Amino acid sequence: MRSYKEGIAYQYLKETKYDRESIFRRDDLGPIPRPSVYKNYPNADRVTLPKPAFEETESLWRILDQRRSRRHYTAEPISIQTLANLLWATQGITLSASEYQFRTAPSAGALYPVETYLSIHYVSDIRPGIYHYNILDFALEEITQGNFADRLARAALDQAMVAGGAALFIWTAIVLRSMWKYRNRCIRYIFMDAGHIAQNLQLAATALNLGCCPIGAFYDEEINQLLRIDGEEETAIYLAAVGNLSS
Ligand SMILES: Cc1cc2nc3c(=O)[nH]c(=O)nc-3n(C[C@H](O)[C@H](O)[C@H](O)COP(=O)(O)O)c2cc1C
């Protein structure tokens with residue numbers, strides 16, 4: 001039996017530490033291609049999202065105090081406007097400067113490796129299905145029609161809240177977007193990026209009086225297959241259920 005210290009977790013942290021010498025040393029990975037910061041599905045049916053619209057009365061301090069992971073939702077649909085607000089909160093573009101578009105959540109090197117997909121279960125004016133969030137166009141691109149709530153709940157280790165939510169956010173990483181610059185250290189940053197995005201979602205959900213729960217427990221390949229991604233260059237990393245709170 002190996003010591004836990006030789007396991008992949010400690011080894012990864014050890015091998016990807018920066019120190020004053022190694023930071024300038026070339027690794028042995030060879031050239032790494034740099035993909036586009038944006039993914040899109042040009043042939044997909046689209047749902048154009050309404051511009052985000054907010055009540056300006058919510059206090060950040062109250063929202064921080066009230067934020068909690070909530071796992072019980074009603075089957076009452078959320079509106080497309082609510083969904084648009086949530087999507088904008090997670091990764092909406094807030095500033096364009098030269099070739100960069102900056103977003104609501106920070107990203108290491110402004111490389112934005114995290115993509116968002118949605119499984120829509122109960123959202124007014126959007127038929128159930130799996131969608132990709134096109135950030136530049138503020139639109140949803142339909143990947144597959146149908147209600148995948150139960151299948152996703154099973155993929156999330158049978159967590160019933162997944163099926164009960166109005167929608168499930170599914171975040172993936174396009175690893176090369178970060179790797180071409182940060183090499184093996186990129187995995188650290190990718191998960192930090194995802195954490196920022198998920199926190200924005202939970203805070204926005206709290207402000208809108210919705211329930212939301214982040215989910216890290218899932219069968220990776222079952223989610224990847226549903227999204228039709230390869231699980232290597234792009235792979236699911238995090239989920240979050242969202243829905244109207246049951247009292
Ligand atoms: C990375 C991560 C993964 C999580 N995965 C799950 C999960 O799979 N199922 C679940 O019920 N809660 C999950 N949670 C929610 C935590 O259980 C919750 O944040 C924790 O109990 C603290 O409660 P709070 O968020 O209400 O403050 C996850 C939270 C994080 C940050």
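No experiment lies behind these values; they were computed from the predicted model shown. Both ligands and their constituent atoms are indexed starting at 1 by order of listing.
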Would you say ligand 1 has an N or O under 3.5 Å from any N or O of [X]?
X	result
Pro214	yes
Arg71	yes
Gly216	yes

Just jot down the ligand 1 atoms closer than 4.0 angstrom to any heavy atom of [X], in number order.
X	answer
Gln159	7 (C), 8 (O), 9 (N), 10 (C), 11 (O)
Arg67	24 (P), 25 (O), 27 (O)
Cys213	10 (C), 11 (O), 12 (N)
Met161	9 (N), 10 (C), 11 (O)

(request) Pick out which of Glu234, Glu233, Glu115 makes a side-chain hydrogen bond (donor to acceptor under 3.5 Å, both in side chains) with Arg177. (result) Glu115

(message) Just checking Phe54 against Trp88, ring centres under 6.0 Å apart?
(response) yes

(message) Just to be sure I read this right, does ligand 1 sit under 4.0 Å from the backbone of Ala198, its side chain, both, or neither, counting only heavy atoms?
(response) neither

(request) Please state whether Gln202 comes within less than 4.0 angstrom of ligand 1, counting heavy atoms only. (result) no

(message) With a 4.0 Å cut-off on heavy atoms, is Arg70 in contact with ligand 1?
(response)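 Checking ligand 1 against Arg70, which is what was asked, there is no heavy-atom contact under 4.0 Å.
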
(message) Strictly below 4.0 Å, N to O, side chains only: are Arg154 and Glu222 in salt-bridge contact?
(response)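 No, Arg154 and Glu222 are not salt-bridged.
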
(message) I'd like to know if Arg127 and Asp45 make a salt bridge, using a cut-off of under 4.0 Å between side-chain N and carboxylate O.
(response) yes

(message) Taking CG in Leu60 as the centre, count heavy atoms belonging to other residues, nucleotides or ligands within less than 6.0 Å. Is the count above 12?
(response)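 Result for CG/Leu60: enclosed.
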
(message) So if I apply the side-chain contact (heavy atoms from CB on, under 4.5 Å) rule between Leu118 and each of Ile170, Leu168, Leu87, Ile130, which one comes out positive?
(response)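 The single option meeting the side-chain contact (heavy atoms from CB on, under 4.5 Å) with Leu118 is Leu87.
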
(request) Identify, for atom 25 (O) of ligand 1, the protein heavy atom at the shortest distance, and state residue, atom and that distance. (result)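 Heavy-atom neighbour on the protein nearest atom 25 (O) of ligand 1: Ser69 OG, 2.6 Å.
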
(request) Verify the distance criterion only: is there a donor paired with an acceptor across the side chains of Arg188 and Thr16 at less than 3.5 Å? (result)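 Checked: Arg188/Thr16 side chains pair up, N/O donor to acceptor below 3.5 Å.
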
(request) Pick whichever of Phe191, Tyr238, Phe218 has a heavy atom sitting closest to atom 30 (C) of ligand 1. (result) Tyr238

(message) Can you confirm whether some protein heavy atom lies under 4.0 Å from atom 22 (C) of ligand 1, or whether none does?
(response) no

